[in-house]
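Here the structure is laid out as structure tokens; the discussion comes afterwards.
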2 protein chains.
Amino acid sequence: MDAFWLDADEMAAWLRLIAITELLPGVLDSQLRRDAGLSHYEYVVLAMLSEAPERTLQMTSLAQRTSATLPRLSHVVRRLEERGLVERFPCPKDARATNSRLTAAGWGAVVAAAPGHVANVRKNVIGGLTPEQVRQLAELGDALLARLDPQGRMTALYRPAD
Amino acid sequence: MDAFWLDADEMAAWLRLIAITELLPGVLDSQLRRDAGLSHYEYVVLAMLSEAPERTLQMTSLAQRTSATLPRLSHVVRRLEERGLVERFPCPKDARATNSRLTAAGWGAVVAAAPGHVANVRKNVIGGLTPEQVRQLAELGDALLARLDPQGRMTALYRPAD
DNA sequence: TGCCAATAGTTGACGCGACAACCGTCCCCG
DNA sequence: CGGGGACGGTTGTCGCGTCAACTATTGGCA
């Protein structure tokens with residue numbers, strides 16, 4: 001189950017991928033935290049709700065769309081609810097389930113945060129790539145996610161058209 | 001400072017990149033934690049030391065090579081020292097500095113962990129890509145890191161030949 | 001109908017990383 | 001050669017994410 005190492009090209013790609021996953025979260029978090037008082041993950045949660053019908057999603061669905069475990073989401077939503085950005089209520093269709101809905105304040109927070117966030121993404125990530133590289137990244141990403149997320153837990157997020 | 005959103009290609013690439021940075025750490029951590037009792041970051045620290053002359057590096061240098069802040073590294077090295085995998089001693093050249101050296105047990109831990117880790121990387125990451133995509137990832141990675149790490153803090157890690 | 005496994009979600013404890021405050025050493029400029 | 005700013009590192013606190021345990025509801029199958 002081993003027998004061989006990574007060759008030079010593979011190692012180069014691998015080391016860069018590691019470095020990116022170490023550095024990217026910090027870049028996203030610090031801008032959003034500073035300018036909008038939100039962590040990147042909190043922003044993603046609000047953004048997903050903002051695009052959903054009724055601005056409402058079931059916890060499990062929201063967790064899948066944000067690549068998070070249910071406990072993580074539960075903690076985050078509780079904090080967002082305490083800040084008045086989100087509200088929870090029992091799902092009428094299934095008494096086990098909980099729905100989360102974006103409040104007006106939550107909508108306002110997303111709208112306020114989005115431009116700076118997009119500018120940051122463009123400045124620090126997408127802006128450094130050629131259009132051809134952007135296309136390559138999307139295809140690469142699909143191939144990687146097929147392995148990283150074989151259950152397709154995140155399909156809703158990264159392949160909304162399926 | 002905004003005025004425009006991401007277009008469809010950019011959004012596709014961006015969403016995939018986000019998903020990868022959320023999922024990859026868990027995949028790496030859980031395999032190493034289970035099979036070797038190490039977090040991925042601890043493994044990287046040991047691996048960097050194992051490749052250094054005398055298996056020894058100064059804290060600051062080790063922090064740069066592992067994309068970490070100094071406080072983070074300090075905590076991690078203390079734990080590794082308590083487990084006997086690493087030892088710290090004052091740098092003879094500079095009384096302010098501390099050197100970390102891999103112990104025999106630490107070397108053994110890296111050697112024991114490496115095959116499973118490499119297999120995991122191949123199985124879950126590199127193995128899903130074509131050789132052409134591996135090359136693209138390396139180039140893409142350079143372009144992204146030029147923005148994410150403009151100071152070249154990690155240069156030593158991802159471009160060892162410079 | 002009644003039972004039991006599976007599903008949906010919450011909670012509490014624990015560990016790790018970020019941040020800020022701090023100490024000791026070095027170096028350079030006056 | 002002496003004082004101050006910069007450098008190198010450690011420590012403590014706090015917040016967040018994971019894991020495990022738990023409750024409640026559902027749905028299928030006898």
Using a 4.0 Å heavy-atom cut-off, does B:Thr98 contact any base of the nucleic acid, only the sugar-phosphate backbone, or nothing at all?
sugar-phosphate
Select one nucleotide: of [options], the one nearest the side-chain heavy atoms of [X].
X	options	value
A:Arg72	C:dG17, D:dT18, C:dA8	D:dT18
A:Asp94	D:dT25, C:dA13, C:dG9	D:dT25
A:Gln58	D:dG12, C:dG9, C:dC26	C:dG9
B:Arg96	C:dT25, D:dT11, D:dC16	C:dT25
A:Thr69	D:dG17, D:dT18, D:dT26	D:dT18
A:Pro71	C:dG9, D:dT11, D:dC19	D:dC19
B:Arg79	D:dA6, C:dG17, C:dT11	C:dG17

Over how many whole Å does the gap from [X] atom [atom1] to [N] atom [atom2] extend?
X	N	atom1	atom2	answer
A:Leu28	C:dA18	CG	C1'	16 Å
B:Gln64	D:dC7	CD	P	12 Å
A:Arg83	D:dG15	CZ	P	13 Å
B:Leu73	D:dG8	CG	P	14 Å
A:Leu32	C:dA18	CG	C1'	17 Å
B:Arg78	D:dG8	CZ	P	22 Å
A:Leu38	D:dC16	CG	C1'	15 Å
B:Leu70	D:dA6	CG	C1'	15 Å

With side-chain hydrogen bond (donor to acceptor under 3.5 Å, both in side chains) as the test, would you mind laying out the steps for B:Ser74 and B:Arg78 before giving the verdict?
CA-CA 6 Å; B:Ser74 185; B:Arg78 175 176 46 69; over 6 Å; no
Side-chain N or O of A:Arg88 closer than 4.0 Å to phosphate OP1/OP2 of C:dT10:
yes
Taking OP1 and OP2 of C:dG9, is either one under 4.0 Å from a side-chain nitrogen or oxygen of A:Ser74?
no
Got a salt bridge between [X] and [Y], using NZ or NE/NH1/NH2 to carboxylate O under 4.0 Å?
X	Y	value
A:Glu81	A:Arg101	no
A:Glu42	A:Arg83	yes
B:Arg72	A:Glu22	yes

Specify whether A:Trp14 and B:His40 have parallel, tilted or perpendicular ring planes, treating 30° as the upper limit for parallel and 60° as the lower limit for perpendicular.
perpendicular
Upstream residue (5' side of DNA chain D) when B:Ser30 and A:Arg33 are each assigned their closest nucleotide:
A:Arg33
Whether the side chain of A:His75 and the base of C:dG9 hold a donor-acceptor pair under 3.5 Å is what I'd like checked.
no
